[in-house]
Structure formats: structure tokens, C-alpha cells
Amino acid sequence: MAQGSLLRGLNPEQLAAVTLPARPALILAGAGSGKTRVLTTRIAWLISNGMVSPAGVMAVTFTNKAAKEMLTRLAAMLPLPVRGMWVGTFHGLCNRFLRAHWKLSGLPQGFQILDSADQLSAVKRVIKAMNLDEERYVPKQVTWFIAGQKEDGLRPKDVEVRDELTRVMVQVYQAYEEQCQREGVVDFAELMLRTYELMRDNAALREHYQHRFRHILVDEFQDTNKLQYAWLKMFAGPQAAIFAVGDDDQSIYAFRGAQVGNMAAFEREFRVEQVIKLERNYRSYGNILDSANELIAHNRKRLGKNLRTEAGAGEPVRVYEATSDFAEAQWFVEEAQQLHRDGTPRHEIALLYRSNAQSRVLESALFNAGIPYKVYGGLRFFERAEVKHALAYLRLIENANDDTSFLRVVNFPTRGIGARTVEQLQDAARASGRSLAQSAGALSGKGGANVQAFVNLIDAMRDATRGLTLREIIEHMLHACGLVDFYKTDKEGKDRLENLEELVNAAEAFVTQEGFGRDAVALPVDEQGAAQQAPDAETGEIMSPLAAFLTHASLEAGDNQAQAGQDAIQLMTVHSAKGLEFDAVFITGLEEGLFPHENSLADHDGLEEERRLMYVAITRARQRLYLSFSQTRLLHGQTRYNVKSRFLDELPERCLKWITPRTQGFGSGFAREYQQAWQRGSGLGGIVGAGRVQPRAASITPRAAPSHGLRMGQSVFHTKFGEGVIVTLEGSGEDARAQVNFGRHGMKWLALSVAKLTPVN
DNA sequence: TTACTAAGACTTTTT
DNA sequence: GTCTTAGTAA
């Protein structure tokens with residue numbers, strides 16, 4: 001076997017990790033340390049050494065992208081087909097498992113998966129049906145509650161009820177579960193929980209899988225939640241070797257249930273003998289890494305790790321202070337243009353921000369400058385309204401009792417079925433405990449006839465598409481249901497028609513794709529004839545291509561990239577930048593309240609997570625890193641005066657280079673010298689970074705100066721609260737008050753006759 | 001049933 | 001500022 005070539009080029013730590021004995025192992029893999037390479041090489045090494053068969057390996061990731069990447073790399077390293085291997089996302093593997101054991105898990109064979117939007121509308125229906133006040137029981141929050149309970153492994157009966165609100169939400173949870181069961185659908189959390197429960201409660205099945213998977217490898221372990229950890233333990237059994245790779249410093253999903261603590265718990269519970277740290281970074285230059293290291297050192301809860309490189313210091317980290325968010329965007333555009341002229345491809349320039357709301361100014365600046373850019377996030381292909389409509393019709397063809405889909409399109413395009421009629425239909429359905437489609441006959445009058453016509457339409461589509469290929473089914477549906485005609489006449493329907501066209505293409509690609517419907521096909525329990533231990537594994541039985549495609553659509557919402565192909569600047573939130581890397585990275589909006597976000601400042605853990613987020617952002621950069629903040633920012637239609645982010649103060653001064661032009665408040669030549677003198681002289685100590693405080697620009701016109709001599713937007717210094725920015729000024733003379741944003745000390749109202757505010761600059 | 005207006009929200013997100 | 005949602009008038 002090409003042993004040597006497999007392991008060639010690994011550094012000693014990587015080599016040690018790849019060739020660890022078959023025991024539980026924890027790999028602390030820093031950003032850019034070759035984590036995916038270690039993971040895939042380990043699998044390839046185990047298999048090519050005969051230590052495990054491909055069927056004995058399970059590799060879990062969080063995103064489809066990571067799973068695909070892993071499969072691609074494995075395919076290149078192994079001389080065997082990798083598609084049968086259990087490599088996938090948590091949810092993808094659960095889907096595979098439940099498709100194989102649908103009967104045991106109490107699901108219909110063709111069960112469908114609700115995405116978050118479907119789930120929300122399902123919860124809304126339950127709340128309506130229970131006649132609850134949506135003000136008090138906010139659907140979004142209830143949905144969140146249900147997902148949260150499931151992720152803690154709790155069914156309605158298990159939830160501890162302490163107050164009225166919880167009591168009612170548990171009732172909704174209960175009713176929601178019954179509704180899902182009736183309609184034959186499962187949400188994302190349900191995929192995990194059902195799999196877990198079936199493994200827990202069925203000894204034969206559990207023993208089978210525990211015996212089968214000798215090696216379980218987990219990517220991004222720091223992102224696992226309680227249920228996922230329990231799930232892993234369930235599959236691992238006593239002799240399995242779990243190989244967990246993670247980075248506690250990159251844990252940025254605590255807000256959605258991820259428990260970094262799982263890393264420590266794993267080390268303890270599985271008696272990990274030796275934690276291997278991958279600290280050598282192959283991505284960034286020294287100044288960037290030093291900045292990241294120094295920043296993250298401010299966090300208390302860490303397993304401890306320091307990135308190092310042999311690449312040299314590289315460029316300094318450039319810092320820019322803008323007068324307004326508009327000016328910041330303008331500066332970015334110019335800087336990016338320059339980078340591009342100097343040879344950096346646009347797609348190697350990333351523009352990162354903390355929250356999506358920040359992208360607008362940046363986008364419009366790019367747009368006006370005519371620079372191609374791509375925004376990540378936002379609607380993905382299968383989430384577009386017209387695509388969801390089409391999918392709803394397809395689901396109804398597959399399963400007429402899917403009430404979520406029924407409600408979505410019963411009157412789209414409009415066919416004279418109003419809210420009133422739908423309500424009557426829902427009442428009838430509830431009374432008889434049947435689905436909406438089954439209750440159509442119960443209605444009388446014009447509305448009833450229209451509903452009946454709709455049900456007939458669906459039935460007709462089902463009959464007409466029987467035996468057709470997936471492509472033909474979709475094409476027939478699109479015309480028969482009237483969607484095409486509707487969008488043809490709609491003046492903004494052109495793009496939508498194109499998307500529907502694209503849906504046909506997606507289906508075509510899905511069918512022809514190698515390993516078609518791999519996840520959706522009910523596989524035999526395993527290749528070694530263990531089917532007898534799993535009575536309901538319908539050996540080899542294949543679900544319809546349509547059902548498989550629908551599953552694929554919910555499990556993999558598709559790309560959300562805009563126009564592909566063009567060389568464009570990449571815009572995204574810091575969260576979505578995780579796992580990516582770029583030659584040049586701009587982190588914008590480094591202001592208190594924005595980054596760190598104000599909603600996270602309440603507790604210490606929140607702040608530490610923000611800092612990890614900043615750490616992730618910094619470590620995306622290979623060669624150049626730019627940090628910027630702005631004195632004023634238009635947010636929610638209001639001008640806010642922000643203090644620069646504390647994270648800037650936590651970076652090593654020696655790695656930074658302030659590039660703000662000082663021509664705004666002073667005469668130019670003097671200003672530059674003045675500024676450079678400050679930069680040379682002052683470290684982080686002293687008076688709240690006063691050395692680097694910029695002269696405020698004249699962008700905020702001072703009004704007729706009141707006696708106190710302060711103005712809105714002015715930076716001031718307070719002996720107790722430190723540096724702040726005046727947000728509001730009220731009253732005059734004795735009564736004069738100022739509202740000051742002190743960043744980490746919060747917003748304060750101060751009486752100017754009492755408080756000593758010294759103007760800064 | 002539809003079309004318009006007003007009110008309120010608004011961190012981060014994959015599956 | 002902009003998007004979604006709820007309520008009301010035609």
C-alpha cells in the first residue's frame with residue numbers, strides 16, 4: 001500500500017494523531033492546522049492498514065460542505081468506492097438510519113423532513129388550533145423551545161414544568177408531536193432524537209451498530225450539543241475508538257445549544273490518555289497569528305493552545321478608523337480595489353461583519369463602484385418562495401396528507417379558497433382527526449367545491465405522473481398546478497420562472513449524480529448480513545426518486561451563493577466565514593455594541609463567545625488583515641455613536657499599523673507626524689488607549705456651542721467609566737444632561753453639573 | 001379576496 | 001432603513 005505517500009508531509013503532531021492506537025482520542029486542532037487532512041488521513045490509514053473495514057468507520061460533520069470535502073479527499077486517498085461509507089452530517093446519517101429502520105422507529109416509509117420554515121408554520125398551526133394567544137406564546141419562541149427540549153433529549157412528558165408558560169408550551173410540544181406523527185413528517189431535531197431513542201431502546205440494534213462501528217470520527221467536536229454527544233456515546237459502545245477533533249477557541253455556537261464542555265466531558269468520560277494539540281498553523285503570517293493568540297488569551301475558559309507559524313511576521317495588521325459607516329465602506333472599496341490591482345483575485349478578498357444588517361452600506365458602496373461581489377447567507381435555493389411552492393405540490397403528490405404543504409399552496413395560485421374556507425376545512429379535519437385533503441368532502445358551498453377541485457387537481461397530478469421520470473414529474477406539476485402561468489403573467493415573475501427551471505435542473509442533477517439518493521435509499525442494515533438483527537430493514541428497497549429528491553431538498557437547502565463563476569469579493573458574517581480562508585480579510589464594524597454585540601454583553605460567557613468569534617475572524621486571513629471601525633453608524637434608522645471595540649485594545653500594538661488619515665481634524669503634515677509619534681510611543685497601557693484616540697472628524701457639525709462645550713458624537717473621558725461617546729445632549733445650564741455610551745460600562749445619563757467629563761482630542 | 005397601511009422588530013445559523 | 005406581519009377598507 002502507498003503507506004509512505006499517505007503519511008508524507010505530516011508534521012510530528014499530525015503524524016501522531018493520524019497513527020494513534022484504536023482508543024478514544026481528542027485532538028485540539030487550532031485554526032489552519034490541517035484538521036481535515038488529519039481526519040481524512042486517519043481514516044485512509046486505518047483502512048489501508050487493514051485495521052478496519054470501510055463499513056466499520058463512521059465520520060460525522062456538521063455541514064454538508066464539510067462532509068463532501070471529506071468524501072472527496074477520501075476518494076483521492078483510497079482505492080475503493082467511498083460512497084457506501086458512513087460519512088456525513090449528523091442529520092444525514094440519522095436520515096440514513098431512520099430510512100433503514102423506519103418501521104421500528106414508528107415512521108411511515110416515505111417520511112419527509114421539515115426545514116425550519118416548515119417547522120415554524122407547523123407550530124403556528126398548532127398554536128392556532130389550541131386557541132392560544134400568539135402574543136403570549138410567540139410561535140418562534142415556542143419552536144425554539146421545542147427544538148431546545150429535543151436537543152436536551154426531552155419528550156413532553158420529561159419536561160420539568162415550573163411555571164404556567166412552560167406548562168402551555170409543553171402542551172404545544174405534545175400537540176405538535178402528534179401533528180407531525182399524523183402527517184408523517186419529522187423536523188431536524190427529531191431526526192437526531194428518534195435515532196438516539198431507537199438505539200437506546202432496542203438492544204439488538206444497538207449491539208449491532210456498536211459492534212459495527214469500530215472507529216467514529218467527529219469533526220468540529222466543540223459544536224456538539226447535549227443530544228449529539230449522547231448520540232455519539234450511544235453509537236460508540238464500549239470498544240469503539242472515538243476520534244474527536246475540535247477547537248474550543250472556535251466554539252461560536254453556544255447560542256444554539258453547542259456545549260464546549262463536551263470536550264472536557266469527553267476527555268474525562270472516555271479516559272483520553274493524551275490530548276494531541278495541533279498548533280502549527282499553515283495559513284497565516286506571524287502578525288496575524290500573534291494578534292489572534294493575544295486576543296484569545298483574554299478568555300479564561302480555555303483548554304489552552306497557541307498557534308505558531310514558520311512563515312515570518314508578514315504584513316502588519318492594518319487598522320482604520322472611519323468617521324461614518326458610509327466612509328468605512330468607501331475606504332474598503334478603495335482598499336479592495338488597490339489589492340485587486342496589486343494582484344489579489346477578488347474572491348480572495350473577504351469582507352466580514354458581525355451582523356447581516358451591516359452588509360447594506362458595504363453592498364451599496366460596492367455596487368456603486370461597479371465591483372463584483374457575492375453575499376453569503378440569506379435565502380438559499382430550496383428556501384425561495386417559488387421553489388417551496390413547487391416542492392409543496394411535489395410533496396402533496398407523494399403524500400396528500402401533508403397538511404403543511406396543503407396549506408401552503410391550497411390557494412396559490414389563487415383559486416377562490418380564502419381564509420374563511422380554510423378555517424372551516426381545518427375545523428372539519430380536527431373534528432374527524434383526519435388530514436385536510438381527507439376532509440375536503442365535508443365542506444359545502446362554493447368554498448367546498450373549490451377545495452374539492454384542488455384535491456382533485458392533486459389526485460390528477462398524481463395519476464398523470466405515475467411512472468414518469470423525476471424530471472417529467474416536475475415539469476408536469478409546474479404546468480398542471482398553474483405556477484408557470486401565474487409567474488408568466490406576474491411582472492416580477494421572470495426570475496422566479498428561472499428558479500423553477502433551475503429546480504428541474506437540480507432534480508436532473510440529483511438523479512444522474514453518482515451515488516443517487518445515497519442517503520435516501522433504505523440500505524440493508526449492513527454489508528455483512530446483520531439484517532436478521534434488524535427485523536424491519538427492508539433490504540434493498542428503494543424509495544421513489546421523488547421522495548428521495550424531496551428529502552435531499554430539505555436536508556441540503558442548496559447553495560446560497562449569488563452569481564457563481566464571476567471573480568467577486570466575498571461578503572459574509574463572521575459566523576459563516578468559519579472554516580474558510582482568504583488572502584485578505586477585512587473585519588468591519590469593530591465597535592462596542594456591534595462587535596462584541598450588545599446582546600452578548602450581559603454575561604461573561606457571552607463576551608467570551610464574542611471574543612472567540614473575533615478569533616475565528618482573524619484567523620481566516622492568510623496574508624493581510626484589515627480591521628476597521630466607525631465613529632457613527634446608521635443602525636435601525638438611527639445614528640449611533642459607537643466606541644471602538646475592546647477587542648482592538650486586546651491586540652498587540654506591535655502587530656498593528658494605524659492607517660487612518662489624520663487630515664480630517666488637523667493640518668495634514670502635522671497630523672501625520674503627530675499620529676506616528678503616538679503610535680511609536682504608546683503601548684496598550686495608560687489612559688484607555690488615549691494614545692490612539694483619533695481626532696474626531698468634522699463630520700458632525702458642532703452646533704452653537706453651549707456653555708459646557710460638548711457636542712453629540714464627541715468623545716469624552718470620565719474618571720470612573722473611562723472613554724465614552726456622547727449620544728444625546730439635553731437641557732442647558734444647571735439642567736444639562738448627557739447620555740454617554742461608555743461601551744463596556746454601558747449607556748449612562750449624566751448630569752453635566754455633577755459629572756466631570758473631559759473632552760478627548 | 002385583495003390591496004393597502006400601520007406597527008414592530010432587528011445577533012449570530014446548520015441541518 | 002427595511003422587512004414581515006396584522007388589521008382594515010374597498
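Chain letters run A, B, ... following the sequence lines, proteins first and then strands; every chain starts at 1. Quick caveat: nothing in here was measured; it's all calculated off a predicted structure. Only this structure's heavy atoms are used, side chains among them; waters, hydrogens and symmetry mates stay out.
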* **Non-hydrogen side-chain atoms of A:F595 and A:I587 separated by less than 4.5 Å** => yes
* What is the nucleic acid contact for A:L352, judged by heavy atoms within less than 4.0 Å: base, sugar-phosphate only, or nothing? -> nothing
* Give A:D115 one of three labels, base, sugar-phosphate or nothing, depending on what nucleic acid heavy atoms sit under 4.0 Å from its own. => nothing
* To do: Would you please test A:M199 and A:F97 for side chain to side chain contact (heavy atoms under 4.5 Å, CB included) and show each step?
  => CA-CA 10 Å; A:M199 282 289 281; A:F97 178 90; 3.9 Å; yes
* Asked: Are a donor atom and an acceptor atom from the side chains of A:T551 and A:R99 found within less than 3.5 Å of each other?
  -> yes
Round to a whole Å and report the spacing from [atom1] of [X] to [atom2] of [N].
{"X": "A:F188", "N": "B:dT15", "atom1": "CZ", "atom2": "P", "value": "8 Å"}
{"X": "A:E151", "N": "B:dT14", "atom1": "CD", "atom2": "C1'", "value": "11 Å"}
{"X": "A:L93", "N": "B:dT14", "atom1": "CG", "atom2": "P", "value": "19 Å"}
{"X": "A:Y196", "N": "B:dT15", "atom1": "OH", "atom2": "P", "value": "24 Å"}
{"X": "A:F326", "N": "C:dG1", "atom1": "CZ", "atom2": "P", "value": "14 Å"}
{"X": "A:D325", "N": "C:dG1", "atom1": "CG", "atom2": "P", "value": "12 Å"}
{"X": "A:L634", "N": "B:dC10", "atom1": "CG", "atom2": "P", "value": "19 Å"}
{"X": "A:M572", "N": "B:dT14", "atom1": "CE", "atom2": "P", "value": "12 Å"}

* Which pair of non-hydrogen atoms, one from A:D223 and one from A:A258, has the smallest distance, and what is that distance? -> O-CB, 3.4 Å
* Might you confirm whether atom CZ of A:F255 has over 12 heavy atoms from other residues, nucleotides or ligands at distances under 6.0 Å? => yes
* To do: For atom CZ of A:F326, decide whether the heavy atoms of other residues, nucleotides or ligands shown that lie under 6.0 angstrom number more than 12.
  => no
* According to a strict under-4.0 Å criterion, is A:S116 in side-chain N/O contact with OP1 or OP2 of B:dT15? -> no
* At under 4.0 Å, does any side-chain N or O of A:N64 touch on OP1 or OP2 of B:dT14? -> no
Can you check nucleotides 11-13 of chain B for protein contacts, nitrogen or oxygen pairs under 3.5 Å, and list what you find?
{"unit_1": "B:dT11", "atom_1": "O4'", "unit_2": "A:H597", "atom_2": "NE2", "d": "3.0"}
{"unit_1": "B:dT11", "atom_1": "O2", "unit_2": "A:R354", "atom_2": "NH1", "d": "2.7"}
{"unit_1": "B:dT11", "atom_1": "O2", "unit_2": "A:R354", "atom_2": "NH2", "d": "2.5"}
{"unit_1": "B:dT12", "atom_1": "OP1", "unit_2": "A:N356", "atom_2": "N", "d": "2.7"}
{"unit_1": "B:dT12", "atom_1": "OP1", "unit_2": "A:N356", "atom_2": "ND2", "d": "3.0"}
{"unit_1": "B:dT12", "atom_1": "O4'", "unit_2": "A:R354", "atom_2": "NH2", "d": "2.9"}
{"unit_1": "B:dT12", "atom_1": "N1", "unit_2": "A:R354", "atom_2": "NH2", "d": "3.4"}
{"unit_1": "B:dT12", "atom_1": "O2", "unit_2": "A:R354", "atom_2": "NH2", "d": "2.5"}
{"unit_1": "B:dT13", "atom_1": "OP1", "unit_2": "A:T573", "atom_2": "OG1", "d": "2.6"}

Distances under 3.5 Å only, N/O to N/O: pair up the protein atoms with those of nucleotides 2-9 of chain C.
none

* Asked: Can you name the residues that form a side chain to side chain contact (heavy atoms under 4.5 Å, CB included) with A:K388, not counting sequence neighbours?
  -> A:D115, A:A117, A:D118, A:R408
* Asked: Do A:D248 and A:K301 meet the salt-bridge criterion of a basic N to acidic O distance under 4.0 Å?
  -> no
* **A:R155 to A:Y173 six-membered ring, cation-pi geometry met (6.0 Å, 45°)** => no
* 5' priority, DNA chain B, between A:I417 and A:T63 [closest heavy atom] -> A:I417
